[in-house]
Amino acid sequence: MAVSTNFWIWIAALLTLAIYSFLYKDNPFYKFAEYLLVGISIGYGISVYWHNTIITKVFNPLVYDKNFLVLIPLILGLLMFSRFFKNVAYLSRIPIAFVVGAGTGLSVPSSFEFLFKQIYATMPLKLDIGSLIIVVGVISTLVYFFFSLEHKGFVGEVSKAGITFIMVAFGAAFGYTIMARVSLFIGRIQFLLSDWLGIIK
Amino acid sequence: MLKKILLLIFLVFSVSLFSQGNDSIIFLENQNPFLDFKLTGSDIPNDGGGGIQINWCFPDSLGNWFLTVLRRDDSNNIMVVATDLLVSSMQVRDVSSDEEPSRVKDNSNYYYTGILSKNMISEEFLNRLISNGSGYSKNGVYIFGNDTFYVTGETDPIVSKSSWFNLSRIPVLVSLIIIAFVFLYYLNLAKSGKDLYIRKINGLDAVEEAVGRSTEMGKPIMYILGIGYVTDIPTIAGLTILGRVAKKVADYETRILVPSYDPVVMTTAQEVVKEAFTEAGRPDLYNKNDIMYITQDQFGYAAGVDGMMMREKPGAVFLQGLFFAESLILAETGHSIGAIQISGTTETAQLPFFVAACDYTLIGEEMMAASVYLQKEPMMLGSIAAEDLLKVFIMFLIITGFVLSVLGYGLKIEVLKNVFDWLIKLLQV
Amino acid sequence: MLKGKGIPIFITFLVGMIMIISFFIPHKPFGDIEKISLNWYSIIAGFTMLLGVDSLIGMHFRKVKRKDENWFFSLVLIFGFVATVVVGIVETVRFGTAFDDKSYFTYIYNYFIVPLQATMFSLLAFFIASAAYRAFRARNFDATLLLITAIIVMLGRVPLGEQISPYLPKFTEWIMQVPQMAAKRGIGLGISLGALGVSIRIILGIERSYLS
Amino acid sequence: MNIFLKLLKVDRRFIYIFIAIVVILPLLLKPKFPVVPSKPVKDVYDYIENLPEGSNVMISIDYDAASMPEQQPFLEALLRQLFRNKLKPILIVQWQLGAPLGTMGLEKIAKEMGAVYGVDYINLGYRPGYVAQIVGIGKEIRDYFKVDYRNVPLDSFPMMKNVHNYNDIALLVGLEAGATYLVWIEYAGGRFKQKIALALNAVSAPDAYYFYQSGQIVGLVGGMKGAAEYEVLVGKPDIAVAGMASQSYSHLVIILFIILGNIAYFIEKRTKSKEGGK
C-alpha cells in the first residue's frame, strides 16, 4: 500500500492532525479546524433540523394530516422571537415556562421509576458477602448525602465510610475507562497510518 | 387417541400419494390430533388501547413446531398476525404501532385462529386459505403439497380496550402521595418559621473566592452548562446555580461567559443572567452576546469551548449541568489555563473525571441542592429536609429487605420469605 | 399582568401536573402526552435554533467586520456554515434528499464532521493520562484508596494483569460489581431524590430563578 | 533542585508524548507480545479447526466503521484460518455501513492466501430487513440473496450450487457491534439449530457471556482483546496484538507516572516539613 490519492482522505487526515496539534498548544491549525467544525456542524444541524422538524413535524402534519395541534408548539417557538422586540420581550418566558414545566413534570415519574429500580437492585436476591457490602455501601453513601444533619458523631463516621465507597468507585471507574479512551486513539492512528499513509497494512 | 393418529397418518400418507404434483388443498375435518391446543386471547392490560395478546399452552412434543396466527374481524377481513412463531414462545401480541396506527381498533371484535405446522408455512397455502374467505377457519387438518397443517378453532371474540388507570403503577402513585405529604409538611414547617439546618457543601463556599480571584486578575468567569436540554433536570439545576453565580459576578462587576449547546438553554441562560444582574442593581453590565450559542454537536461544542477557554483565559470555570464524554476534555483544558474549577453533574460515569481534574466537585444530589445552599430560603430548606426524610425511609426499606432475606432465605423462615418475595414484587415497577 | 412572573409560573405548574397525571393514565389523550411533548420540544428548539445561529454567526460576522483578532478564523466558520447549508440545498434538489449516499452533503459529514469528532473524542486518551498523573496523589486515606483501586483496575483490564496474577482480572470484575456498584447506587438514589426535589420546587413555584 | 521535584511540575506535554509513543510504536513495529487465549476464544478456534475440509462458514458483518478497531482484526484472523483449512466463507452484511469493511477484509486476505472468488469464497453483500432475512435463510438463501454483491447470479458460482439453507452451513460467525446477535441466536440458533460463534465489541461481550455458558453459542470473541487472542491462535499476531501491546504499555506508562508523581509528592512534603521545622 502507498500514500492515499483520495482527496477526501487527505482532508480527513489533515483535519485530524490539526486537532492533535492542540495537545502542543493553541495554534492556527487547531483554530482553523475548530472554527470549521463549529461552522460545519451548525450548518449540518440546521439542515437536519429543516428535514426532521420543519418538514416532518410541522409542514407534513399541518398540510397533509390537517393536524392543527402542531400550531401550539409553532406559536410557542415563534414567541421566542419576541426577544428581538423590547416591549414584548417578556413573552419569551411563556415557551420557557412550558418547556421547564414539561421537563420537571416528566422527571417526577421517571425519578420514581429509577428510585424503585435502584432499591430493587439493592435487595439481596442471593445471600453472600457481596450483597452485604452492597447494602453497607449504599446506606453509607446515602448518609453522605444527608443535608439537614450535621456530619459529626455517628452520622459523621458513617458518612466518612460513604465517602470512602465513593472514592473507591471513582478510582475503579476511572481505571476502567482508560482502555476505551486509548482504543479511540488507536483507531485514529490506524486511520492515519493505514488509510492515509499506507504504512501499516 | 393412538388410533386416531394412526388413521391420520394413513390418511395423510395415502392422500399425499394421490396429490403428488397436484397443488390442491385437501381438507380433513375432525381429524385434528391436537384438539387440546387452543389459543386464548385477552386485552393487554394497562395500555392506551390498540393491543391484544394471544397465549397458548402446548404439549412438549410441539415445542419445535411452528405456529401461524390469523385474525378475522366482524366484516370477515382476514389478516395474518404473525407467521412461523415457535410454539414454545407461548405468546404473541397483536398491537397498533406508529407504522400501523389502526391495526387493532378498540371496541371491535377480533377472532384468532392458529395454524400448526412441522415445517415453515408455505405462503401459497396461506394465501389460498385466506382467499377462501371465512371458510378458512374450520378446525381440522389441511394437506397442501407435501405439508400438513393443523388449524385450530377460532377464539371467542376478543376486544381491545383502553384503560383509564395503569394498575401496575399503583405503588408509584402511593409513594407519590406519601412523598407529596412529606414535602408539604416540611414546606409548612418552613413557613411557620422553624429554623432548618443545611450542612456545608464543599465547593460552594469557594464560589465567592473563585469569582473574587478572577476579578482581581482581570479575567472573566466561564459558566458551562454541558450538553443537556432545558427538559433535563441537571441542566435546570445548573441554570439555578447560574443565577446565584451571576449575581456574585455582578457584585464584583466582572464578565460572565456562557457558551451553550442548546438554543433554548442559551435563551434561558440569557434570561437568568439578565435578571441576576438587574437584581444586583447592575443591569448596565449585562451583555447578551456573552451568553452565546456554539453548536449542537457534542465534540464540536467541546472544540469550540476549548478554543474559547484558550483565548479568553477565564480565571474561574464552572461546569454545572449534564456532561458526557466531553467532561474531561473541558476540565483538562480549564486546568491547563490555571482556572479555579468548580464542577458538578449527575452523570455518575463522568464524576471521577471531574473529581480528578477540578478543584471542587458537586457530586450528584449536592449539585441539585446547590441552589438551595446558595440561597438558604426557608421554603427551599424545607424541601431539602423532606428529601432527607425520604432517605431515612429508603434506608429502612433496604435494611428491612436485607434482614428479611437473611431470616427468610438464610434461616428458612417461611413467613418472612414470603414477605420478602412480596416486597420484591412490589418494587418491580 | 402578562409582564409579571405569575402567568409563566402558572403555566409551569399546569404543564408539570399534566405530565405527572398522564403517567398513570394510559387512555388517550394522556397516554401519548410524553411523546407529544418531546415532539413539541423539538419544534420549539428548532425555531430557537435560529436564535442560536443568529447569536453565533452574528458574533463572528461582527468580528470579521471589525477585523478583530482571529477574524480570519471567524470567516472560516461563516464559510463552513454557509457552504454546508448551500450544499444541503443543492443536493436536496439533486437527489430529493441531502442524505443520499452520493450527495456531497454526506461527504461533508463523512470526511469533515466524523474525523473531527472522532479526533476530538480521542484527545481523551491524553487527557485521561495527564489528569491521572496530576490528581492521583496519596494525600490522605481516601485519596490513597482511590489511587490503589485505579491502579488495580488498570492492570486488571489489560493482558499484562493476567500475567501478574490470574486473579487480578477477576478481582477487577469484583470491584466493579460490588463496591463500585454500591456507591453508584447510593449516588443514584440521591440523584433521583434530588431530581424530585428540584422538580417539586419548580412545579410549586418555590424555585423560580430559571424565569427570573 | 531534586529531580523528583522537577517531576512534580512536569509539563503535561511530556506525558502526551509518552502516551503517543507507546501507542504508535507497537502499531508500527508489531512486536511479539504475550497474549494468552481464553477459553471462549479458544472454543471458537477449535470448533473451526475440527470442521471437515470444504465446509461453508457464513460470516455476518454486523458492525460499522466505529467498531473497526475491535472487529476488523478478528475478521482477518478468522479468514486466514478459514482459507488455511480449505473452508469456504460466505460473507453477508446486516449493517449497511459495514459492507465496505467486510469486502475490504475479505479481498485482502483472499489475495494473501490465494483464494479464488466464487470457488473458495463469496461475498453476498447487504440486504435490508435482517429479521426476515435471518428467518428466511432457514428456508432458502436465494429468497434473499439471488445475486452476490456485484449482482452476479448465485447459481453461476460453483461453491453456491449446493448451498440452500442453514443445513448447508457448518458455522455462522457474527461480528457484532450492536444487538443483532440476539436475532441470530433466537432464530438461526433457536429455530434452525444453526451453530453460532460471536465476536462482540468489548462493551457488549459481558452481556453475551450468558449465551456461551448456556451453550447457545460455541464461543465468544470479546473486543480487541479477543481478536488479539485469536490472532495468536491462528499463528499470525497482527494489528490486534499490537493494539493490546499499545493498551498495556499505555496503562503501564500512566501507572509509572502516577508512582513517580507520588514519590515526588512525598519528597516535597518531607522537605517542606523540614523547612517548617527550622
Side-chain angles (χ1 to χ4, degrees), chain A residues 8 11-12 15-16 19 23 31 35-40 42-44 47 49 53 57 73 76-77 80 90 93 95 97-98 100-102 104-109 111 114-115 118 122 130 133-134 137-138 141-142 145 164-169 171-172 174-176 178-179 181-182 184-185 188, chain C residues 3 8 11-12 15-16 19-20 23 37 40-44 46-49 73 76-77 80-81 84-85 88 98 111-113 115-116 119-122 124-126 128 142 145-146 149-150 153-154 157 175-176 178-180 182-186 188-190 192 195-196 199 202-203 210-211:
Chain A
W8 296 99
I11 287 192
L15 289 175
T16 301
I19 294 279
L23 289 171
K31 275 184 212 164
Y35 280 77
L36 193 67
L37 174 55
V38 171
I40 288 181
I42 194 174
Y44 189 81
S47 311
Y49 147 71
T53 308
K57 288 181 180 161
L76 287 172
M80 282 285 193
Y90 59 87
R93 282 178 185 165
F98 176 86
V100 171
T104 48
L106 286 175
S107 102
V108 170
S111 297
F114 190 66
L115 209 61
Q118 298 282 325
T122 312
I133 294 177
I134 287 191
V138 169
T141 311
L142 263 185
F145 288 111
T164 306
F165 266 99
I166 291 176
M167 285 302 148
V168 167
F174 195 108
Y176 203 80
I178 294 178
M179 195 164 186
R181 302 302 185 233
V182 173
L184 297 170
F185 181 50
R188 290 322 288 163
Chain C
K3 283 191 187 179
I11 291 176
T12 305
V15 175
M19 295 294 157
I20 295 173
F23 177 75
S37 69
W40 284 13
Y41 181 79
S42 71
I43 295 174
I44 297 174
F47 279 100
T48 321
M49 198 157 177
F73 298 103
V76 170
L77 187 149
F81 169 72
T84 311
V85 172
Y111 293 100
F112 283 90
I113 299 184
L116 283 169
T119 313
M120 271 316 285
F121 197 3
S122 74
L124 281 172
F126 300 96
I128 209 168
D142 286 332
L145 213 55
L146 181 142
T149 328
V153 172
M154 267 184 234
R157 288 277 283 163
I175 291 176
M176 295 308 287
V178 179
Q180 202 264 152
K184 220 170 123 183
R185 290 231 179 89
L189 284 169
S192 32
L196 273 178
S199 304
I202 286 180
I203 291 175
Y210 67 99
L211 284 175

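Both backbone and side-chain heavy atoms feed into the values below; hydrogens, waters and symmetry mates do not. Since this is a predicted model, take the numbers as computed values, not measurements. Order of the sequence lines sets the chain letters (A, B, ...), proteins ahead of strands, with each chain counted from 1.
The nearest pair of heavy atoms linking A:Ala97 to C:Thr12 is O-OG1, 3.2 Å. Closest non-hydrogen pair, A:Phe165 versus A:Thr141, comes out as CB-OG1, 4.1 Å.
In this structure, the side chains of A:Leu115 and C:Leu189 come closer than 4.5 Å at one or more pairs of heavy atoms. Within the 4.5 Å cutoff, no side-chain heavy atoms of C:Phe47 are placed close to those of A:Met80. Between A:Leu15 and C:Thr119, every side-chain heavy-atom pair lies at or beyond the 4.5 Å cut-off.
In this structure, the portion of A:Tyr49 lying under 4.5 Å from any heavy atom of chain C is its side chain and not its backbone. Both the backbone and the side chain of A:Thr164 come within contact range of chain C, with heavy atoms under 4.5 Å apart. Both the backbone and the side chain of C:Met120 have a heavy atom closer than 4.5 Å to some heavy atom of chain A. Both the backbone and the side chain of C:Leu196 come within less than 4.5 Å of a heavy atom in chain A. Both the backbone and the side chain of A:Leu106 come within less than 4.5 Å of a heavy atom in chain C. With a 4.5 angstrom heavy-atom cutoff, C:Phe126 touches chain A only via side-chain atoms. At a 4.5 Å heavy-atom cutoff, the contact between C:Tyr41 and chain A is made by side-chain atoms alone. Within the 4.5 angstrom heavy-atom criterion, only side-chain atoms of C:Ser37, from C-beta onward, approach chain A. For A:Met179, the part lying under 4.5 angstrom from a heavy atom of chain C is the side chain only. For chain C, the nearby part of A:Phe145 is the side chain; its heavy atoms alone come within less than 4.5 Å. With a 4.5 angstrom heavy-atom cutoff, C:Ile128 touches chain A via backbone and side-chain atoms both.
Counting heavy-atom pairs under 4.5 Å between each of A:Ile166, A:Val182, A:Val138, A:Leu142 and chain C puts A:Val138 at the top. Most heavy-atom pairs under 4.5 Å with chain A, from the set C:Leu116, C:Val76, C:Ile203, C:Leu124: that is C:Leu116. Per-residue heavy-atom pair counts under 4.5 Å with chain A were compared for C:Phe81, C:Phe112, C:Trp40, C:Phe121, and the maximum is reached by C:Trp40.
To the nearest 0.5 Å, atom CE of residue C:Met154 and atom OG1 of residue C:Thr149 are 10.0 Å apart. To the nearest 0.5 angstrom, C:Ser42 atom OG is 3.0 Å from A:Lys57 atom NZ.
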